[in-house]
Amino acid sequence: MLARIADSLFWIGRYMERAEDTARMLDVHYYTLVERQGSSQRLRWEPIIRIAGEQDRFYQFHTEADAESVFHYLAFSPGNPNSIRECVERVRENARTIREIISREMWEDINGFYHEMKNFQPEEELRGGPHRFCRRVIFACHRFSGVSDGTLLHDEGWQFMRIGKFLERAEMTARIVNVQYHNLVDKEGIEDADDHQWMAVLKSAGAYQAYRRWHRSRVVPPRVAEMLILHPDHPRSVRFCFTQLQLALRDISGTMPGDYANEAERLTGKVLESLRYHRMEEIFKEGLEGYLVRLQASCREIGHQIARRYFYYTAA
Amino acid sequence: MNQLQPSPAPANNLFEAYETGAFYDEMFEQPSVPRSHYAPLFQVIGRLDQQQYQQRRELADLAFLIQGITFTVYSDGHNTERLFPFDLVPRILTRAEWDLIERGLAQRVITLNLFLQDIYGPQRALKDRIVPRSLIFSSPQFRREMMGLKVPRGIHTHISGIDLIRDSATGEFLVLEDNVRTPSGVSYVLENRLVLMHAFPRAFSQYAVLPVDHYPVELASILRSLSPRGGADTVAVLLTPGIFNSAYFEHSFLAQQMGIELVEGRDLVVDSGIVFMKTIAGLKRVDVIYRRIDDEFLDPLAFNPDSVLGVPGLMQAYREGNVALVNAIGNGIADDKAVYAYLPELIRYYLGEDPILRNVDTYLCSKPDHLAYVLDHLEELVVKAVGESGGYGMLMGPASTAAGRHEFRRRLLANPRNYIAQPVIGLSRVPAFDETTNRFAGRHVDLRPYCLFDGEKVVIVPGGLTRVALRPGSLVVNSSQGGGSKDTWVLRGDA
């Protein structure tokens, strides 16, 4: 497989996941706030911008983080390279350069989604509430994932797509937990929130139902963090993402379990060990924030190492 | 199924007021009397009302849009993607018509290949004064780098797109021009067929139409046969200028259909005369390159040094016989419009046969007497620059302005070698849907069949691309000038 093509597939997986995660957050957050009108809006919309990692750029375009500005910025803004619309454009652009590799069904799916995105009017969508828009995006992402799994050869190209997807998802989930913990729990560890806000955190990671089945108790912050970081089977937990990441990396290099063939695999294995054998209480003792910050840094470093190993050629 | 039974007078409201005019109409012998091989189609399409037709059309347009079968237009600093207009009424050729075309094209392709072998080899045709030396050496398309180079299996013209027109005066097919560099458009032949079958399944099922979808298989087998290493594990790639090229869709389509890698110049590297591609598992040797990049951009070391699309060192690898290029470099000398005028003579010279398909009469402005005639008759003639294609660099005499003619007079006098002129041929017409009247109207068409040459025989997918000038009265079928395309059917038996 051409290095350039592997690179494109990686980014298709990554941008598609980014679009979905952003839509999830917007949707859940908007309706949680609608439900609980009250305190200053800046406080309430700010975290979303931080989770998206856009706090610097956002204020170049808007003075106030409110429902309208955040929705517009994260969903449509051409000034935000990570807005949903930009992500979809980037997926389509990448797909267009490798049309001969991806299945015809995948191309038609993403191309149709792209044309649909172009027809959304931000003002109109906001007026009716972002739910319709966000559901469309999330559904389209699921559909794309299904179409890909069902029509693309499960060869190394497919694995690179999965790598992009799970790396993005792991980092995003880590950020959701990090930002929301800060947001909802004050320095003395006293909760400043009620069940509903923690429920919203779970929902934005698509984990609310799973949590309910797992715990059947009220929503307790440490258990929420545990669900999103350490759960072995929840498809959006950091641990699950790393498990998939490791499988995909090994599939490409042909490495046996217990061994590693490159730096990306070594780092992935190292993080995964920690996720497998840590208890949540130990992580709290070490400091949740530090743990999550290191986790995010590892995600970035793994991405970098994958690119170095597989995508880049220095001048021949 | 009742409605498929032939009935004497279909409710043909979309054909109301249809005129065949002074032209050869491919569908009608005279208004409302279809030629026998078009009759079943007329039965189906003639029954549609405007709304039904529009529904099918929208379906077809959507299919093209969703599949991203678009070409890119640059304007105001923006890239806009446009659909290549597709007209739903197919153009139908009988088996007898096609057999003649097929034989004529095979003869022509073999001659073009012999001519290129000769020009870059012994130059017999020049020594025997069949073609003037000056004509060859004055062409910018003549590539000295190719002299004496033995191309793999002696093939220069693996893929030719030869433009035919039907002369309304005689009903005869004529060759308008040869394209043996990197002819494009074959993807539309395949996609048009798919879309049309979905839009008119019933009409299609009334006919036994020869299939076209084996083109990629035929091409792929030619590519594989060229490997300098031989063997089964030949690596063939399609080299594209990239996503911003207007034919990018076709490049990726063909690569996909053939199951070969689509590469850009930056994916390839030449080391010690061997071409490699950069894969996730390291460098991998490339044996055959189907390149859709023009000669001058292929290798910045050999040709245009500013090219960032090409691969440095590629020409050297080609010279050393370590990689095959499809088509060969330097083919432009064979489809030079001035050389075209000599093709009938060359057919006789190399093959000892009479041309099966005639040329359009051509005035060579390099000849003083021809030039004088052309200058006196600018209003009646089509003047073309010899190295241009796509409908550019052209003066359409009858439709020209005084200023336009004045400009061409100046250009002709300044560089006569660069121009030829031809009488205006009344191209045959096929009904096409007119957006403004919501009716069918006769529109001029040409035909570009795609010919594959494996060194021994010429394989041509039945039909080819029918291009149609959608503007009323227009004779220019190029997509850049308001042209569209049609599906082209060749019937299995003689209908």
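Convention: sequence-line order gives letters A, B, ...; per-chain numbering from 1.
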Decide yes or no for Glu100(A) and Leu238(B): does some side-chain heavy atom of the first lie under 4.5 Å from some side-chain heavy atom of the second? no
Separation between CD1 (Ile98(A)) and CD1 (Ile243(B)), nearest 0.5 Å, reads 10.0 Å
With chain A, the option among Glu191(B), Lys284(B), Gln257(B) that has the most non-hydrogen atom pairs under 4.5 Å is Glu191(B)
Highest number of heavy-atom pairs under 4.5 Å with chain A among His251(B), Met258(B), Gln256(B) belongs to Gln256(B)
Cut-off 4.5 Å, heavy atoms of chain B, and the answer for Glu93(A) is both
Contact list (residues 72-92 of chain A to chain B, heavy-atom gap under 4.5 Å, by number) returns Arg92(A)
Heaviest contributor of heavy-atom pairs below 4.5 Å to chain B, chosen from Arg4(A), Glu108(A), Arg99(A), is Arg4(A)
So do the side chains of Ile101(A) and Glu261(B) get within less than 4.5 Å of each other, counting heavy atoms only?
-> yes
The interface call for Ile102(A) against chain B, heavy-atom contacts under 4.5 Å, is backbone
Among Tyr248(B), Phe253(B), Phe276(B), the residue with the most heavy-atom pairs under 4.5 Å to chain A is Tyr248(B)
| With a 4.5 Å limit on heavy-atom distance, are the side chains of Val269(B) and Tyr313(A) in contact? | no
From the list Asp267(B), Leu268(B), Leu262(B), side-chain contact (heavy atoms from CB on, under 4.5 Å) partner of Leu2(A) resolves to Asp267(B)
